[in-house]
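The structure appears below as structure tokens.
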Amino acid sequence: MVRSLVGTPAYQQSHRARYRVEALFAELKQRMGLHRVRLRRLWNVAEQFQLAATAQNIKRLVRFLAQSPPPLPSVS
């Protein structure tokens, strides 16, 4: 069933979206130390994950804001 969907545009869009999400989780695990949680209990794990995700989002925001702004369209 999935093989019949592989060539469709909706599948390609879904695949790209899943790839981005998986890349973010991989970064959390490999670079930010979430391959093993430090504390036990669900709320501690959730808190650790939220802090790591917040740090990751701040890093991404800084990278985004550091880019040069796009040129304004010329008005003639």
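Because only heavy atoms are used, hydrogens play no part in the values below, and waters and symmetry mates are left out as well, while side chains stay in. Note that the coordinates shown come from a computational prediction; the quantities given were computed from them, not determined experimentally.
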**Study point:** Interatomic distance, R20 atom CZ to R18 atom CZ [nearest 0.5 angstrom]
**Key:** 12.0 Å
Check your understanding: What about Y19 and Y11, same hydrophobic cluster or not, with Ile/Leu/Val/Met/Phe/Trp/Tyr joined at side-chain heavy-atom distances under 4.5 Å?
Key -> no
Check your understanding: Is there a donor-acceptor pair under 3.5 Å between the side chain of Q48 and the backbone N or O of V37?
Key -> no
Check your understanding: If you round to the nearest 0.5 Å, how far is CD of E47 from CZ of R38?
Key -> 13.5 Å
Practice item. Check the surroundings of atom NZ in K59: do more than 12 heavy atoms from other residues, nucleotides or ligands lie under 6.0 Å from it? Key: yes
**Study point:** CA sep, side-chain torsions, deciding dist, call: E27, R60, salt bridge (Lys or Arg N to Asp or Glu O under 4.0 Å)
**Key:** CA-CA 12 Å; E27 181 184 0; R60 293 177 72 203; over 6 Å; no
Revision key, fill the gap. Here the gap from Q56 atom CD to F25 atom CZ, rounded to the nearest 0.5 Å, amounts to 9.0 Å
Check your understanding: Hey, does I58 have a side-chain heavy atom less than 4.5 Å from the side chain of T54?
Key -> yes
Review point. Counting N and O atoms only, with roles assigned by atom type, does the side chain of Q12 sit under 3.5 Å from a partner on the main chain of V6, one being a donor and the other an acceptor?
Key: yes
Study note, to complete from the structure: Here the pair of heavy atoms bringing L28 nearest to A53 is CD2-N, 4.0 Å
Check your understanding: Side-chain heavy atoms under 4.5 angstrom apart, residues restricted to Ile, Leu, Val, Met, Phe, Trp, Tyr: same cluster for F49 and V21?
Key -> yes
Study note, to complete from the structure: Which of V45, N44, L39 passes side-chain contact (heavy atoms from CB on, under 4.5 Å) with R41? Answer is N44
